[in-house]
Amino acid sequence: MLPINNHHGIVIPLDRANVDTDAIIPKQFLKSIKKSGFGPNLFDEWRYLDHGEPDTNPKKRDLNPEFILNKDNYREGTILLARENFGCGSSREHAPWALLDFGIRVILAPSFADIFYGNCFKNGILPIQINEQMTDLFFKKALSESGLKLTIDLENQLIIDDNEKYNFKVDVFKKYCLIQGLDDIGLTLENKEDIKGFEIKYYNQYPWLK
């Protein structure tokens with residue numbers, strides 16, 4: 001898993017509430033269990049004017065010029081700004097896979113669906129809950145002609161906007177995992193020597209189980 005600590009990026013203002021996981025990555029693209037290759041179909045039904053299927057070349061599809069990801073100012077964005085209850089709906093882990101594959105490393109929103117929130121941390125994305133006032137302020141700036149760039153300092157739990165600094169909360173253990181780049185498998189492998197030692201001792205005691 002890609003670690004994240006200090007991240008600086010362009011903010012993509014997705015001015016929608018209750019964005020569900022089927023909108024993030026529609027169901028027809030869930031045929032693969034690989035974590036890569038989902039970025040071109042992120043927000044597929046909003047991003048394109050035609051209906052997408054897994055075998056369709058996204059480069060040959062018609063883009064929706066009104067959708068935020070298709071606007072020049074935000075194509076290289078890595079911080080997603082949304083309204084409340086982001087990631088609701090089904091628990092599909094493909095949703096954070098698609099966001100990460102597109103390049104999103106941080107999501108700012110007033111609230112998140114619980115399962116989606118947890119899945120983000122397990123896949124190298126930092127979801128940050130911000131209040132409504134801060135959300136409105138960031139939308140105003142991000143939608144302006146000059147746009148908005150933010151620095152996210154995970155170690156010190158700060159959102160930095162030029163000279164303004166805003167604190168945010170994050171679980172200590174989840175913070176550690178993101179900074180170290182550790183998913184569930186990575187956490188287990190931190191104890192691989194202890195695991196090997198246990199296996200040797202166990203099979204010496206019960207050799208018929210080999």
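Quantities reported herein were computed from a predicted structural model and do not represent experimental measurements.
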May I ask you to check whether N64 and W46 show a side-chain donor-acceptor distance below 3.5 Å? no
Any salt bridge linking K165 with D153? Criterion: basic side-chain nitrogen under 4.0 Å from a carboxylate oxygen. no
Checking side chain to side chain donor-acceptor pair (under 3.5 Å) against R83, which of N18, D136, T135 comes through? D136
Pairs flagged by ring pair (Phe, Tyr, Trp, His ring centres under 6.0 Å) wherever residues 132-156 is involved - sequence neighbours left out: F138-Y166
Does the side chain of D161 come within less than 4.5 Å of L148's, by heavy atoms? yes
Side chains of N6 and E155: donor-acceptor distance under 3.5 Å anywhere? no
Under a single-linkage definition using a 4.5 Å side-chain heavy-atom cutoff for Ile, Leu, Val, Met, Phe, Trp and Tyr, are F38 and I125 assigned to the same hydrophobic cluster? no
With a 4.5 Å cut-off on side-chain heavy-atom distances among I, L, V, M, F, W and Y, is there a chain of contacts connecting F29 to F43? no
Ignoring hydrogens and geometry, is there a side-chain-to-backbone donor-acceptor pair from Q28 to G52 under 3.5 Å? yes
Can you find a pair of side-chain heavy atoms, one from L69 and one from R75, that are under 4.5 Å apart? no
Please answer: with hydrophobic residues joined when any side-chain heavy atoms are less than 4.5 Å apart, are L158 and I4 in the same cluster? no
Do I10 and I79 come within less than 4.5 Å of each other through their side chains, counting heavy atoms only? no
Side-chain donor/acceptor pairs under 3.5 Å, residues 106-120, sequence neighbours excluded:
unit_1, atom_1, unit_2, atom_2, d
S111, OG, N85, N, 2.8
N119, ND2, S91, O, 3.3

Between Y74 and S144, which heavy-atom pair has the shortest distance, and what is it? OH-O, 4.4 Å
Is R92 salt-bridged to D22, cutoff N-O under 4.0 Å? yes
K141 vs L137 side-chain heavy atoms within contact, under 4.5 Å: yes
Contact summary for D171 and K174, nearest pair of heavy atoms: OD2-N, 3.0 Å
F67 six-ring face occupied by R47 cation (under 6.0 Å, within 45°): no
Does atom NZ of K149 have more than 12 heavy-atom neighbours, drawn from other residues, nucleotides or ligands, at distances under 6.0 Å? no
Within a strict 4.5 Å, meaning less than it, do heavy atoms of the L14 and L81 side chains meet? no
Test item: side-chain donor near acceptor, H7 and T78, under 3.5 Å: yes
Counting heavy atoms not belonging to K71, are there more than 12 under 6.0 Å from its NZ? yes
